Structure formats: C-alpha cells, structure tokens
Enquirer: 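For reference, the structure I am asking about is given below.
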Amino acid sequence: MNTTRARAICRAIESWFATPGVPRDFPWRTAHRDPYRSLVAEVMLQQTQASRVAERLPRFLERFPDIQTLARARETSVLAEWSGLGYYRRAKNLHAAAREVLHRFDGELPVEVKPLLSLPGVGRYTAGAIASIAHNAREPIADGNVARVLLRIEGQPMEHGAPATMAWVWDQAETLVRAAASPAVLNEGLMELGAAVCTPRNPRCAECPARSLCKARKANTQDAIPTPKRRPDRTTLHHAAVLIRDARGRTLVERRSPDAGLWAGLWQPPTLETESRPATSAQLAAAFGIPRPRRSAAFDFLTSHRTVHFTVWSSETFVESSERHFKTPAQLAHLALSTPHRRLLLNLPAR
DNA sequence: TAAGCGTGGCC
DNA sequence: TGGCCAAGCTT
C-alpha cells in the first residue's frame, strides 16, 4: 500500500466515523476518554462482542470506579463481577494489572505502548488501543475487525486469524496510522467499520465509505475474505456430578478446579474428563468419592470444543427438575444457586 | 508456535 | 442447527 492510497483510505474512514450518528453509542465512548475506563473496556472487549460489554461495563465501573479501588479489591470480588463474561483469566489479569499500576507506576496508568505491554493481560492490541484511542498516540491496532476490513480492501484472500495474516494486517495498520489525520478516529473507525458494515457475513458494501477503494468488492470476492480458519474437531468428555440434598440437607457437591487448565480455579460440580464414553454412576461415585445415588439423570451438552456429559444425582426433591437441559455450565450453576444453601459459583452469570 | 481459554449470537 | 465468530492474550 503506497502513501497516496493510505491517505485516501484514512480520509474515507475518518470522515465517515466522524459523521454524527455513525458511531454507535457505547459506554466507553465518552467525550474525553478516561484511560482506566479504556483499560477495563478493552480487556472486556477481548474476544467479546461489544453489545455484551455494553451491558456489563457500567456496573463494573460502578463497583470499581478507579484503579485504586480495583487494586484494593479482593480477587474473588472482581471475578464475581466478571461472572458470565467468560475468559476469567482476563479478570485475574486486570486485577493484577491494577495492583502493578499502583506499585510500579504510582497509580497512573502508563501512556506509552511499551510499559502498557508489561502489564498482565495487556497485549499488542490492548496497549495500542489505549495509547491511540485514549491518548491519540500514533500507534496502530489490529484485531479481528481491522483484519477483515484491511484484507478486503486490499483483496488479500488470507486465512482468518492466522499468524501470517495478522503480521500482514499489523503492517498495513501501521502504514495507515502514519497517514491518519487522527490516529484515534482512524483506529476506532476501522473497528466500527468492521463491526457494523464490513461484517463477516453479508457485508453492507453499499453503505461502506471505502467501497470505491475496495479491491475485494471490485473482484466480488468479499464473501470469500478472509478464508475460514481450519479448526481441529476434537471432542473430550467431561462427566460432572451434582448431588443435591433435600430441603433439610445442605450439600451441593462442588469443588475448586486446579489453577491451570479448563475452568481454572473456578467452583463447579466435580468433573471427570475421559477420552471415551464410559462412566457409569458407580464409576463416577468412586472417582468423586461420593455415595452412589438412588436416582440419576444423564445428558450431554456441547460447547464450542467439547462434549460435556452430565450425570445429575438427586434427592427426591430434585427429581422434578432432572429432565431439564443445560446448555452451558452457567445454566447448571443457576440450578445450584436456586437451592437454599449456596456458595457463589464463579463460573456463572449473575442472576 | 499452536493450543487453550467462556459464553452468546448469528444464519 | 451446528459451526463460525467475537475490540486477544498467554504459555
């Protein structure tokens, strides 16, 4: 991409994004950008749709209004407030980052990319976003949206999310930001364009401010860019047991996962991972060290990469509900929280 | 470097 | 409806 073309693309996207009514109204798009708010928002936005973050960011900021409050909070409180957002390591890292800012940077979030990158959970994208959007620094950003937009504008049929693809995208993003009138407007405009116009499916090319510059549109290849990522189709089985006593009892069987791996450090029903489908009630009872139930109901659910097989062990009072289907661990935990005895299960959304 | 990490929305 | 995707980062 030469300088003339970069300038043209920047002009198109910046003037579009600066048009009143174009940027969607989000709680992180405040008049003047508070760096702490930007940090929390950007971490929340990692691999998470903006509409979802918009629902949760205000409450998080209400509870942790500044970096000092966040740093002094207990990690379990931060995790609880993150509950339902997924990728809980983000919450742990954000909390740790706040503490580091307090101790290493005297409570002031760094402005430059390099020190930002030294904070846990802050990678190249997040550091670039804070520097360029909160401080208008001339720093590039490249995420899924930017990648899709630039791949299509340049007509590059590269694989979605592949390292070589992102290396190419970062290079283009840097060329662009050097040509921008405002790095903040360009970068946020690139992402907004990818999220609202240059969408993964059915892109609205007729509404695109860069349509006359887009090589994919000219070749009618926009639907084939980027090429889909090849995903290995591996399935593991997770057997989970839930033992709930009657109204007199107090026990929901729950355990804390090891600190590494799936559902790291989260409270959940005890689970047993297996390679094939065995697991009779007796086997699970032995594995979990709990008594074999009189009754049980078993069912599977599928998540993105794995099949989970649940065996629900129940008392008489719970049998009524045992036919329910749970699509996610969160839903299962909802059930647990509906019982009279409860400890917070952190892998669940708030009710 | 490739694989792992949560959950919800989309068609 | 099930696979793909979402304002990525870490190991």
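Residue numbering restarts at 1 for every chain, and letters A, B, ... go by the order of the sequence lines. Remember, it's a predicted structure, so these values are computed and weren't measured experimentally.
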Enquirer: Quick check: any donor-acceptor pair below 3.5 Å linking the side-chain of A:Thr48 to the base of B:dG8?
Expert: no
Enquirer: Rounding to an integer number of angstrom, what distance separates C:dA7 and B:dG4 when you compare their P atoms?
Expert: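 Between the two P atoms, the distance is 23 Å.
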Enquirer: Going by distance alone, is a donor N or O of one side chain under 3.5 Å from an acceptor N or O of the other, for A:Arg148 and A:Asn145?
Expert: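 Short answer, yes.
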Enquirer: Using the C1' atom as the point on both nucleotides, what is the distance between C:dG8 and B:dT1, in whole Å?
Expert: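 That atom pair is separated by 16 Å.
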Enquirer: Is the count of non-hydrogen atoms from other residues, nucleotides or ligands lying under 6.0 Å from A:Glu100 atom CD greater than 12?
Expert: yes
Enquirer: Looking at B:dG6, C:dA6, C:dC9, which one has an atom nearest to any side-chain atom of A:Pro200?
Expert: C:dA6
Enquirer: Return no unless some side-chain N or O of A:Thr126 is found under 4.0 Å from OP1 or OP2 of C:dC9.
Expert: yes
Enquirer: B:dT7 phosphate, OP1 or OP2: any side-chain N/O from A:Tyr88 under 4.0 angstrom?
Expert: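 A:Tyr88 to B:dT7 OP1/OP2: side-chain N or O found under 4.0 Å.
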Enquirer: If we take the P atom in both C:dC4 and B:dA3, what is their distance in whole Å?
Expert: 15 Å
Enquirer: Could you tell me how far C:dC9 sits from B:dG8 if I compare only their P atoms? Round to whole Å.
Expert: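 B:dG8 and C:dC9 have their P atoms separated by 22 Å.
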Enquirer: Surrounding CZ of A:Arg211 (heavy atoms of other residues, nucleotides or ligands, distance under 6.0 Å), is the total greater than 12?
Expert: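 More than 12 heavy atoms, drawn from other residues, nucleotides or ligands, come within 6.0 Å of this atom.
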Enquirer: Specify the separation, in whole Å, of atom NE2 of A:His160 and atom C1' of C:dC5.
Expert: 6 Å
Enquirer: Grab the CG-P distance between A:Leu85 and C:dA7 for me, whole Å please.
Expert: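 The distance from CG of A:Leu85 to P of C:dA7 comes to 15 Å, rounded to the nearest Å.
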Enquirer: Nearest nucleotide by nearest heavy atom, which residue falls closer to the 5' end of DNA chain B, A:Asn202 or A:Arg90?
Expert: A:Arg90
Enquirer: For A:Gln68, is the CD atom crowded, meaning more than 12 foreign heavy atoms sit under 6.0 Å from it?
Expert: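 Yes - once you tally the heavy atoms of other residues, nucleotides and ligands closer than 6.0 Å, there are more than 12.
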Enquirer: Rounding to an integer number of Å, can you tell me how far A:Trp170 CH2 sits from C:dG8 C1'?
Expert: 10 Å
Enquirer: Do A:Glu42 and A:Tyr125 have side-chain atoms, one donor and one acceptor, less than 3.5 Å apart?
Expert: yes
Enquirer: Specify the separation, in whole Å, of atom CZ of A:Arg52 and atom C1' of B:dG8.
Expert: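 A:Arg52 atom CZ is separated from B:dG8 atom C1' by 6 Å.
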Enquirer: On DNA chain B, check which nucleotide each of A:Pro163 and A:Glu55 is closest to and give me the residue with the more 5' one.
Expert: A:Pro163
Enquirer: Can you tell me the distance, in whole Å, between the CD atom of A:Glu42 and the P atom of C:dA6?
Expert: 16 Å
Enquirer: Just N and O in the side chain of A:Gln47: are any of them under 4.0 Å from OP1 or OP2 of C:dG8?
Expert: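 So the side chain of A:Gln47 is within the cut-off, an N or O lying under 4.0 Å from OP1 or OP2 of C:dG8.
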Enquirer: Taking any heavy-atom pair under 4.0 Å as a contact, classify A:Val53: base, sugar-phosphate, or nothing.
Expert: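 Touches nothing.
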Enquirer: Quick one: on DNA chain C, does A:Met191 or A:Asn93 contact a more 5' nucleotide (nearest heavy atom)?
Expert: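 Closest to the 5' end, via its nearest nucleotide, is A:Met191.
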Enquirer: Take the protein atom NZ of A:Lys92 and the nucleotide atom P of B:dC5, then report the distance between them rounded to whole Å.
Expert: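 Value for this atom pair: 13 Å.
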Enquirer: Report the distance from atom CG of A:Asp143 to atom P of C:dA7, rounded to the nearest whole Å.
Expert: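 Result: 6 Å.
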Enquirer: A:Arg148 side chain N/O closer than 4.0 Å to the phosphate oxygens (OP1, OP2) of C:dA6?
Expert: yes
Enquirer: Please determine, for the side chain of A:Arg89, which listed nucleotide (C:dC5, B:dG4, C:dA7) has the closest atom?
Expert: B:dG4
Enquirer: Answer yes or no: does atom CG of A:Asn2 have more than 12 heavy-atom neighbours from other residues, nucleotides or ligands under 6.0 Å?
Expert: yes
Enquirer: Please give, in whole Å, the distance from C:dT11 C1' to A:Tyr87 OH?
Expert: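 Going from A:Tyr87 (OH) to C:dT11 (C1'), I get 15 Å.
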